[in-house]
Every structure is written in C-alpha cells, then in structure tokens.
*Asks:* 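I have a structure here, written as structure tokens, and I will follow up with some questions on it.
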Number of protein chains: 2
Amino acid sequence: MVGTSYPGGMNTPDDDWLRLDQQICFSLHAASRAFNGVYRGILRDLGLTYPQYLVMLVLWEHDELPVKKLGEHLRLDSGTLSPLLKRLEAAGLVRRERSARDERSVEVRLTGEGVALRRRALQVPRRIAASTGFDTDEIRTLRARLDELTTALDAAAFAEQPGDSPAGERS
Amino acid sequence: MVGTSYPGGMNTPDDDWLRLDQQICFSLHAASRAFNGVYRGILRDLGLTYPQYLVMLVLWEHDELPVKKLGEHLRLDSGTLSPLLKRLEAAGLVRRERSARDERSVEVRLTGEGVALRRRALQVPRRIAASTGFDTDEIRTLRARLDELTTALDAAAFAEQPGDSPAGERS
DNA sequence: CACAATTAAGTTGCGCGCAATTGAATGGTG
DNA sequence: CACCATTCAATTGCGCGCAACTTAATTGTG
C-alpha cells in the first residue's frame, strides 16, 4: 500500500523510498524473529536456546575448538560467547579448559552428554523445514541470497565505520 | 573439516539435514545481524537504534496511535515497546498520554522534534539500499520471499505451541 | 633480559525480545 | 447493581548482541 496520501503533503520520491525501506528492513527483522520463535518451540525439548543450538551445531562438527575459532564460525565475540558457554557448561553439555600451550586460549569441548544430545537434535531440521513450507531448492536459493546480502552488508559496515570522508578516499 | 564423510560411518540423510539446517538458520541469523550493524552505523547520526527507527517509521505514517496498534504493526508487545517508548519520550521525539476515552490505552504522538526528524531520515533508505548492492527488484523479490517465510513460520509456531506431539517425545 | 604492543577471555553496561506476572479499566452476565 | 472475564500497559526476569573496558599471557623489539 504505497499510494496512500500523506497528511499534509504529497508524495515525493523520497517518501516512497522511506516507505519501501520499511518493507525491507522490517521484513528481515520479522522473518528473523519468526524463525527464532519456531526454533524456540522446537528446541525447548532439548533445553537449548537458538544461539546455543548454533554453538552446538558447530561443536558437533568440530568437537573441540577454542572460543576464538568458535566466534569466527558464528561471527560472535567473547562478550556474547563467554556467558553463553558458561550456561552450556552449567547444563553439562560442554567443558571449558585453558589450553596448556597458550594459556590465553580456552578450549571448548563436548561432554558425553553434549555428544549424545546430537542424536536428539537430528529431528530438528526436518521439523524446521516443515514449518517453513519451503522445499529444499527454495531454501537453498534463499540462503544463497541471504549470504550475498550479508557479505555486502558486512563490507558496507566496515567501510562506514572508520571515517565519514565525503571525498573518495578509500573505496 | 568433516566434509561430507562422517567419522566412523556413512552419511545418513539426517546428517546432511543437520548440516543444511545450519546453513539456513545461520544465514538468516547472520543476515539479520549484518543488517542491524549497517543500520546502527547510519542511524547513529539520528540518535536512533534500529528498533526505534522502525517505531518512528510507523509513527511518521500514522502520527498518532495507541501502543496496542503500534505493537500490531511491528509484531512487538508492551514488554518491548514500553521501555523503548519511554526512551523515545526521554529523547523528546514522542509523547505518551493515556486516552481520555479508554484509560487503559496510551496514545503515542510525535512531538515537533519527532516530526522534524523525518526529514533527516529521508536519506537513510538510499544509504541502506546502496549498502546491500541489490537493485530495487531484487530487494522486492527478497522481501516477498521473507514475508512468505514469516507467514508460514508464524502459523507453524502457533500450531506448535498448544498441543504436544502425539508420539512420545520426552526421552 | 626488559618493556611495550598485541592477542584472548572475561566483565560491565545498555537495549532489545519475549514469557510471565501485575494492576487498572472496561465489558458482559446474572 | 455486583461479579467475573477480558483487555491494555507496565513491570520483572532472563538471554542474547555488541561496544567498551579489564586482566592475563604471548609476541616483538631494543
């Protein structure tokens, strides 16, 4: 519904842009939260939150790695991971121990319980896929699109941060 | 590096599903946060966070409406909106006053300052669009896809909540 | 060897997002 | 009219996500 009149003025092109913009950012925001909600319901059985599930996914494939590497896989920093891992440890799913080689580093390792949880998690993807109503190809296409988007956005955010030089300085 | 083979066994379909699943949920998660990051940089000038910007977008179109309606537009509840609106009010952008007609309801209204901010916000969409590197059609297509997804996910979450799966679930 | 610079985790503070609860106002029913 | 269910906003509690800072270990440079 773009054509609605605006109280006290006509539509300039900028007005349309502003409305269109709402559609985009809001759609992604809403989709992300909707996804989160479905995961919440399904992961409740496993006693995991959505981000915790992401961490477990990585660990189920790597089985042992330092917090730093974990953060690179998930694009999360220690400010997010430290308390999250502490909760996973309290739940008995992982153990954290400082590396003997480099005492700055902390190795995260699955416990037997953590490994065992993988079996129960195997049913999750099917239930999620069913919830989306999308088939495998559609999901793959969407994923590729989102990855493009993320790459572009990350590059833009990086370019944005340092300086606001109007004159072209580093592209 | 697990590649496609899994230590000590062949790939069951479930293994692949679990891997694929990581791709999908993670992609959306990452895209959402990447978007958030770009908005953060651009909105800093306006003194708004990303969710606050979404609220302002709605108010710029409606100019006055109760918290309930605002929440329906944004799919947010009072638990999120109340403190957010309190911050917007502290920033001088909105005012909240209980409806005389129905004293349960609180009307949110833009201040002059809030209305004025709209002019400065007009440049935001262009900068965002530039950051994505997508053209208008691509964005529209993606948005439509995401909206489909959200609708399906919401329906699934709603169906999930009330009843328990008939087949035994708790280990 | 001594001493800064760098790196890794952890901590603090703030703002969502959501479930659950509270409190006040309204509406419906007998 | 009295009573109860519903509705709306606000509050509480918890878990991210991120910026900024702190602490400790390692690296590098003279």
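All chains are named by letter (A, B, ...) in the order of the sequence lines, taking the proteins before the strands, and each is independently numbered beginning at 1. What you see below is based on every heavy atom in this structure, not just the backbone, and it leaves out hydrogens, waters and symmetry mates.
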*Asks:* On the ring face of A:Y39, is A:R127 found with NZ or CZ under 6.0 Å from the centre and within 45° of the axis?
*Replies:*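 Not flagged: A:R127 not positioned over aromatic ring of A:Y39.
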*Asks:* What is the separation between atom CD on A:E89 and atom P on C:dA9, rounded to the nearest whole Å?
*Replies:*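 So the CD-P distance, A:E89 to C:dA9, works out to 14 Å.
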*Asks:* Under the rule for side chain to side chain donor-acceptor pair (under 3.5 Å), what residues qualify as partners of B:Q123, not counting sequence neighbours?
*Replies:*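 By the side chain to side chain donor-acceptor pair (under 3.5 Å) rule, B:Q123 matches no residue at all.
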*Asks:* Using a cut-off of strictly less than 4.0 Å, decide whether A:R87 has a side-chain nitrogen or oxygen near OP1 or OP2 of D:dC16.
*Replies:*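 Result: yes.
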*Asks:* May I have the distance from A:N36 (atom CG) to C:dC16 (atom P), rounded to whole angstrom?
*Replies:*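 To the nearest whole Å, that distance equals 17 Å.
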*Asks:* To the nearest angstrom, how far is B:L88 atom CG from C:dG15 atom C1'?
*Replies:*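 Atom CG in B:L88 sits about 12 Å away from atom C1' in C:dG15.
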*Asks:* For A:L70 and D:dC16, give me the distance from atom CG to atom P, rounded to whole Å.
*Replies:*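 Computing the A:L70:CG to D:dC16:P distance gives 13 Å.
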*Asks:* Quick one: do A:R120 and A:D45 make a salt bridge, cutoff under 4.0 Å?
*Replies:*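 Between A:D45 and A:R120 there is no salt bridge, as every charged N stays at least 4.0 Å from the carboxylate O atoms.
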*Asks:* Is the closest basic N to carboxylate O distance between B:R98 and B:E103 below 4.0 Å?
*Replies:*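 Between B:E103 and B:R98 there is no salt bridge, as every charged N stays at least 4.0 Å from the carboxylate O atoms.
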*Asks:* How about B:R143: does its CZ atom have over 12 heavy atoms from other parts shown lying under 6.0 Å from it?
*Replies:*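 Atom CZ in B:R143 is packed in, count exceeds 12.
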*Asks:* Figure out the CZ/C1' separation between A:F35 and C:dG17, and round it to whole Å.
*Replies:*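 About 18 Å, once rounded to whole Å.
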*Asks:* How long is the line joining CG of B:L74 and P of C:dC18, in whole Å?
*Replies:*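 After rounding, the reported distance stands at 11 Å.
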*Asks:* Might you list the N or O atoms of the protein lying below 3.5 Å from N or O atoms in nucleotides 6-12 of chain D, with each pair's distance?
*Replies:*
residue : atom : partner : partner atom : Å
D:dT7   : O2   : B:R104  : NH1          : 3.2
D:dC8   : OP2  : B:K68   : NZ           : 2.7
D:dA9   : OP1  : B:V67   : N            : 3.2
D:dA9   : OP1  : B:K68   : N            : 3.3
D:dA9   : OP1  : B:V106  : N            : 3.3
D:dA9   : OP2  : B:K68   : N            : 2.8
D:dA10  : OP1  : B:R96   : NH1          : 3.1
D:dA10  : OP2  : B:S82   : OG           : 2.9
D:dA10  : N7   : B:S78   : OG           : 2.6
D:dT11  : OP2  : B:K86   : NZ           : 3.1

*Asks:* Does B:R33 reach the side chain of A:L76, with side-chain heavy atoms less than 4.5 Å apart?
*Replies:*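 A side-chain contact under 4.5 Å exists here.
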*Asks:* Side-chain N or O of A:H29 less than 4.0 angstrom from OP1 or OP2 on C:dG17?
*Replies:*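 Yes, because at least one side-chain N or O of A:H29 sits under 4.0 Å from OP1 or OP2 of C:dG17.
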*Asks:* For B:R145, I'd like to know if atom CZ has over 12 heavy atoms of other residues, nucleotides or ligands within 6.0 Å.
*Replies:*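 Enclosed.
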*Asks:* Provide, to the nearest angstrom, the distance between the CG atom belonging to A:L43 and the P atom belonging to D:dC16.
*Replies:*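 In whole Å, D:dC16 P lies 11 Å from A:L43 CG.
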*Asks:* Taking the six-membered ring for Trp, are B:F35 and A:H29 closer than 6.0 Å centroid to centroid?
*Replies:*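 Distance test on ring centres: not under 6.0 Å, no.
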*Asks:* Hey, do the aromatic rings of B:F26 and A:H73 have their centres closer than 6.0 Å?
*Replies:*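 Between A:H73 and B:F26, which both carry aromatic rings, the centre distance is not below 6.0 Å.
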*Asks:* Taking for each residue the nucleotide of DNA chain D with the nearest heavy atom, is it A:R75 or A:E103 whose nucleotide lies nearer the 5' end?
*Replies:*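 Closest to the 5' end, via its nearest nucleotide, is A:R75.
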*Asks:* Using whole Å, report how far CG of A:L65 lies from C1' of C:dA9.
*Replies:*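 One finds 14 Å between C1' of C:dA9 and CG of A:L65, rounded.
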*Asks:* Strictly below 4.0 Å, heavy-atom distances to any atom of DNA chain D: list the hits from residues 49-58 of chain B, or just say none.
*Replies:*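 Output list: empty, so none.
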